[in-house]
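Below is one structure; the comments refer to it alone.
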Amino acid sequence: MAKWLQSGRRRDMCVLLAAAEDGELSGQRLKTRLERRYDTRIEPKSFYGALDALESAGFVAHREDGIADKYSLTDAGERRLRDQFEWMREALGEDG
């Protein structure tokens with residue numbers, strides 16, 4: 001499995017992007033949602049490093065929207081996330 005799944009932060013970033021109402025989030029909104037989930041502040045350098053790694057691997061795409069960068073899952077990112085979900089579901093003995 002790809003290295004991105006070995007990082008809970010990267011996995012959770014993908015989960016939040018998949019759950020985004022319009023399929024994308026600004027970097028700041030994604031960071032805020034992740035911080036709320038973890039109930040802690042995340043250093044911007046660490047956060048954007050993880051986001052850049054996801055983009056470099058082809059799992060996340062970004063576009064400029066005015067002064068904000070918007071991020072979304074690519075098809076490859078969604079496939080990996082679904083593979084992870086299936087693995088977790090099977091490991092937990094869930095039938096569907």
Side-chain angles (χ1 to χ4, degrees):
M1 187 65 47
K3 194 171 190 174
W4 78 285
L5 290 176
Q6 295 175 13
S7 166
R9 179 175 292 169
R10 286 184 236 171
R11 181 199 58 233
D12 293 349
M13 292 166 81
C14 289
V15 168
L16 290 170
L17 288 172
E21 298 81 30
D22 58 359
E24 65 181 7
L25 291 170
S26 69
Q28 185 57 50
R29 182 160 285 172
L30 177 59
K31 183 176 179 290
T32 299
R33 289 182 183 185
L34 193 61
E35 288 173 334
R36 274 193 220 134
R37 173 71 181 143
Y38 294 163
D39 195 27
T40 191
R41 182 177 181 281
I42 300 170
E43 291 295 325
K45 184 176 180 179
S46 176
F47 171 80
Y48 284 102
L51 198 51
D52 288 344
L54 286 167
E55 185 177 8
S56 293
F59 300 126
V60 168
H62 95 272
R63 68 178 182 84
E64 292 182 16
D65 184 24
I67 61 170
D69 286 338
K70 299 276 183 121
Y71 295 87
S72 60
L73 277 184
T74 62
D75 289 341
E78 185 170 341
R79 278 192 307 275
R80 290 294 176 95
L81 188 59
R82 290 191 179 279
D83 288 347
Q84 176 77 12
F85 175 76
E86 285 302 313
W87 175 77
M88 292 172 73
R89 189 179 61 76
E90 289 171 11
L92 294 173
E94 301 291 323
D95 292 333

Val15 and Met88: same hydrophobic cluster, using ILVMFWY side-chain contacts below 4.5 Å?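 Not linked; separate clusters.
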CA sep, side-chain torsions, deciding dist, call: Met13, Val60, side-chain contact (heavy atoms from CB on, under 4.5 Å): CA-CA 10 Å; Met13 292 166 81; Val60 168; over 6 Å; no
Could you note down all residue pairs passing salt bridge (charged side-chain N to carboxylate O under 4.0 Å, His left out) where residues 70-79 supplies at least one of them, sequence neighbours left out?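 Qualifying pairs, neighbours excluded: Asp65-Lys70, Glu78-Arg82.
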Once salt bridge (charged side-chain N to carboxylate O under 4.0 Å, His left out) is applied, do any residues pair with Glu64, and if so which ones, sequence neighbours excluded?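 Applying salt bridge (charged side-chain N to carboxylate O under 4.0 Å, His left out) to Glu64 gives none.
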I need the [X] [atom1] to [Y] [atom2] distance, nearest 0.5 Å.
X	Y	atom1	atom2	result
Tyr48	Gln28	OH	CD	5.5 Å
Leu51	Leu30	CG	CG	6.0 Å
Leu73	Arg80	CG	CZ	12.5 Å
Ser72	Glu55	OG	CD	9.5 Å
Thr32	Arg41	OG1	CZ	10.5 Å
Leu81	Glu86	CG	CD	11.0 Å

Please check: side-chain N/O of Lys31 versus main-chain N/O of Pro44, any donor-acceptor pairing under 3.5 Å?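 Judged by distance alone, no pair lies under 3.5 Å.
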Quick check against the 3.5 Å criterion: does Ser26 have a side-chain atom that pairs as donor or acceptor with the backbone of Asp69?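 Here the side-chain-to-backbone pair does not exist.
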Does atom CZ of Arg9 have more than 12 heavy-atom neighbours from other groups under 6.0 Å away?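 Check passes, neighbour count above 12.
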May I ask you to test the Gln84-Cys14 pair for a side-chain heavy-atom distance under 4.5 Å?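 Side chain of Gln84 against side chain of Cys14, heavy atoms only: no contact under 4.5 Å found.
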Non-hydrogen side-chain atoms of Asp12 and Tyr38 separated by less than 4.5 Å: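 Side chain of Asp12 against side chain of Tyr38, heavy atoms only: contact under 4.5 Å found.
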Could you pull out all residues at least two apart from Phe47 that satisfy ring pair (Phe, Tyr, Trp, His ring centres under 6.0 Å)?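 Checked Phe47 against ring pair (Phe, Tyr, Trp, His ring centres under 6.0 Å); zero matches.
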Are the charged groups of Arg33 and Glu21 less than 4.0 angstrom apart, N to O?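 The answer is yes: the pair qualifies as a salt bridge.
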